[in-house]
Amino acid sequence: MLKNGKLKLPDKLGGLVSGFDDKEMKNGGSDPVLESGEELEIMEPNGIELGHKENVYEFDDLVNDTDVDNEDAFRTRKKPDKDGSGQVSVMEVIAADEKRSDVEYELSQKEINLEKLRRIASMGLPDGGGLRATAWKLLLGYLSPSHDLWEKELTENRQKYAMLKEELLLSPSEYTRVKEDAMISAELSGEHDDAGPLKRQGISHGDHPLSIVKASAWHHYFKHTEIAEQIDRDLLRTHPDMKFFSGESSFSKKNRVNAEADSFSCFVRLLSDSVDHFCQQLDNSPVGILSALSRLAELLKENDEELWRHLEFTTKVKPQFYAFRWITLLLTQEFNFQSILRIWDSLLSNPFGIQDMLLRICCAMLLCTKSRLLSGDFAANLRLLQHYPDINIEHLLRVAQDLSANTSSYSLSL
């Protein structure tokens with residue numbers, strides 16, 4: 001809540017929510033408090049602080065840990081721009097401070113106005129203070145608009161995730177032992193209502209670690225652990241230059257439990273309208289990945305037929321060659337981390353859904369490189385689109401927002 005010009009958020013927002021570590025240390029471990037506008041600093045473009053030589057991308061928008069005292073554990077540095085561009089204007093600083101105040105005010109209300117929050121987020125959420133993390137949870141539906149329910153919802157969702165993880169990743173023998181211990185504890189405490197002797201839930205003699213039967217509990221366990229190991233490998237590759245994703249920093253270790261639970265639930269909601277893109281059997285269906293690529297091609301044709309014809313017929317650079325990764329990975333491999341956060345503000349706040357805005361941005365990426373694409377051949381254009389150049393993200397998003405979007409009739413030519 002806003003008290004004396006300060007925004008107070010529950011401790012248990014955790015996970016994807018920023019830690020107010022410096023504030024909490026000063027306040028003796030009390031509820032973290034953020035003073036409106038106090039984090040705002042004069043910045044150069046791309047996050048370069050005046051007097052510093054490097055960009056600093058902070059993770060406090062995505063994760064929370066109130067005990068962290070080592071900022072380097074969750075920061076990554078990027079080389080400065082070669083052109084050494086100038087300072088942000090005073091008006092831009094004032095506008096950024098006003099935006100921060102607007103978000104703080106909206107998140108302090110007992111009932112969140114999601115329509116207003118979407119409007120603010122579509123223009124870019126402020127960095128720092130966990131404001132983006134809380135807003136994303138609301139936009140994804142992980143938190144309800146009722147502020148008073150947040151702590152209860154977070155606790156319940158994290159407990160559900162812990163139970164799911166236990167069920168899938170504990171070996172059958174470990175899982176059986178845990179259940180038996182719980183039943184014995186309930187029996188001794190008088191909470192077990194079943195009459196008669198305790199029914200032990202052991203593993204059948206035909207079910208063992210070497211069993212090849214698909215219905216075997218051990219078969220499912222090995223399958224699930226294999227998937228978990230693949231996820232761990234993917235995390236290491238997500239942003240190898242950022243210690244947070246390696247899981248080795250003290251910051252990620254302290255914050256792991258809530259971050260994992262919250263990320264899982266948000267990720268499920270994030271992919272709810274695109275999960276069919278990852279099912280090969282549905283590739284040629286109206287909900288498959290080929291249909292999404294078709295809609296992108298039609299969107300380009302609707303807005304720039306000259307460029308569409310050049311890519312489709314002259315150079316034969318099909319959307320499958322470059323946009324498959326754009327769409328399935330939500331553009332996370334095409335831009336730097338700070339730009340991805342800004343793009344996702346627009347994706348999550350779009351009232352027509354993530355996929356609608358995603359295709360608009362993909363089309364805008366083509367339009368913003370039109371001159372280079374028209375002068376390029378197959379090899380040059382493919383190289384350009386698979387290694388997308390640096391671009392002003394705000395300009396890209398404005399182009400995407402202004403596109404005409406009649407994408408109902410086009411079918412992809414294979």
Side-chain angles (χ1 to χ4, degrees), residues 81-83 234 237-241 274 276-337 339-340 342-344 346-347 354-414:
D81 290 342
K82 294 180 181 178
D83 59 4
D234 289 342
R237 293 195 294 257
T238 299
H239 285 284
D241 56 328
S274 62
D276 293 331
H277 292 171
F278 304 93
C279 182
Q280 186 175 4
Q281 291 82 355
L282 297 175
D283 280 354
N284 294 299
S285 74
V287 295
I289 184 62
L290 295 182
S291 177
L293 294 171
S294 296
R295 293 196 299 273
L296 172 59
E298 175 64 5
L299 189 59
L300 178 62
K301 182 181 179 182
E302 180 77 14
N303 288 275
D304 195 318
E305 187 166 349
E306 178 189 16
L307 180 56
W308 170 76
R309 287 189 178 279
H310 181 74
L311 292 176
E312 188 76 14
F313 300 111
T314 305
T315 62
K316 299 187 184 303
V317 178
K318 306 290 185 179
Q320 298 95 309
F321 300 153
Y322 58 88
F324 182 89
R325 185 178 71 185
W326 293 3
I327 293 172
T328 56
L329 299 185
L330 301 179
L331 300 173
T332 55
Q333 299 299 303
E334 316 311 320
F335 303 95
N336 65 54
F337 192 76
S339 296
I340 295 168
R342 175 61 188 93
I343 289 172
W344 278 36
S346 292
L347 291 179
I354 293 173
Q355 288 298 307
D356 174 81
M357 190 61 186
L358 177 61
L359 293 182
R360 286 173 175 270
I361 296 174
C362 291
C363 184
M365 290 168 67
L366 298 172
L367 296 176
C368 288
T369 51
K370 177 179 178 178
S371 59
R372 294 178 63 177
L373 290 172
L374 289 178
S375 62
D377 57 12
F378 175 85
N381 286 348
L382 191 60
R383 183 165 53 250
L384 173 66
L385 296 178
Q386 289 184 344
H387 301 85
Y388 198 78
D390 291 336
I391 191 172
N392 183 307
I393 294 299
E394 294 301 330
H395 172 70
L396 176 68
L397 294 174
R398 283 194 296 271
V399 172
Q401 192 62 52
D402 293 340
L403 291 178
S404 168
N406 178 14
T407 59
S408 59
S409 60
Y410 187 75
S411 59
L412 192 67
S413 57
L414 301 175

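Residue numbers run from 1 in the order of the sequence given. This structure is a prediction, so every number in the text was calculated from the model and none was measured.
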Within the structure provided, determine whether [X] and [Y] are in side-chain contact (heavy-atom separation under 4.5 Å).
X      : Y      : result
Leu385 : Trp326 : yes
Leu366 : Leu311 : yes
Gln333 : Tyr388 : no
Leu331 : Ile340 : no
Val399 : His395 : yes
Ile327 : Gln355 : yes
Cys363 : Leu296 : yes

Would you give the length of the straight line joining atom [atom1] of [X] to atom [atom2] of [Y], rounded to the nearest 0.5 angstrom?
X      : Y      : atom1 : atom2 : value
Asn336 : Ser339 : CG    : OG    : 3.5 Å
Cys362 : Glu334 : SG    : CD    : 8.5 Å
His387 : Arg383 : NE2   : CZ    : 9.0 Å
Glu298 : Trp308 : CD    : CH2   : 8.0 Å
Leu359 : Ile354 : CG    : CD1   : 12.0 Å
Phe335 : Leu396 : CZ    : CG    : 5.5 Å

Whether [X] side chain and [Y] backbone form a donor-acceptor pair below 3.5 Å:
X      : Y      : answer
His310 : Thr315 : no
Arg325 : Thr332 : no
Ser294 : Leu290 : yes
Asn381 : Leu373 : yes

For [X] and [Y], which heavy atoms make the closest approach, and how far apart are they?
X      : Y      : answer
Phe324 : Leu293 : N-CD2, 3.9 Å
Leu307 : Leu300 : CD2-CD1, 3.9 Å
Ala364 : Leu403 : N-CD1, 4.2 Å
Arg295 : Pro286 : NH1-O, 3.9 Å
Ser346 : Leu397 : OG-CD1, 3.6 Å

Checklist entry - Would you call Asp356 and Arg360 a salt bridge, taking side-chain N to carboxylate O under 4.0 Å as the test? => result yes
(message) Check this for me: does any side-chain nitrogen of one of Glu312 and Lys316 sit under 4.0 Å from a carboxylate oxygen of the other?
(response) no
Here the side-chain hydrogen bond (donor to acceptor under 3.5 Å, both in side chains) pairs for residues 365-376, sequence neighbours left out, are Asp304-Lys370, Glu306-Lys370
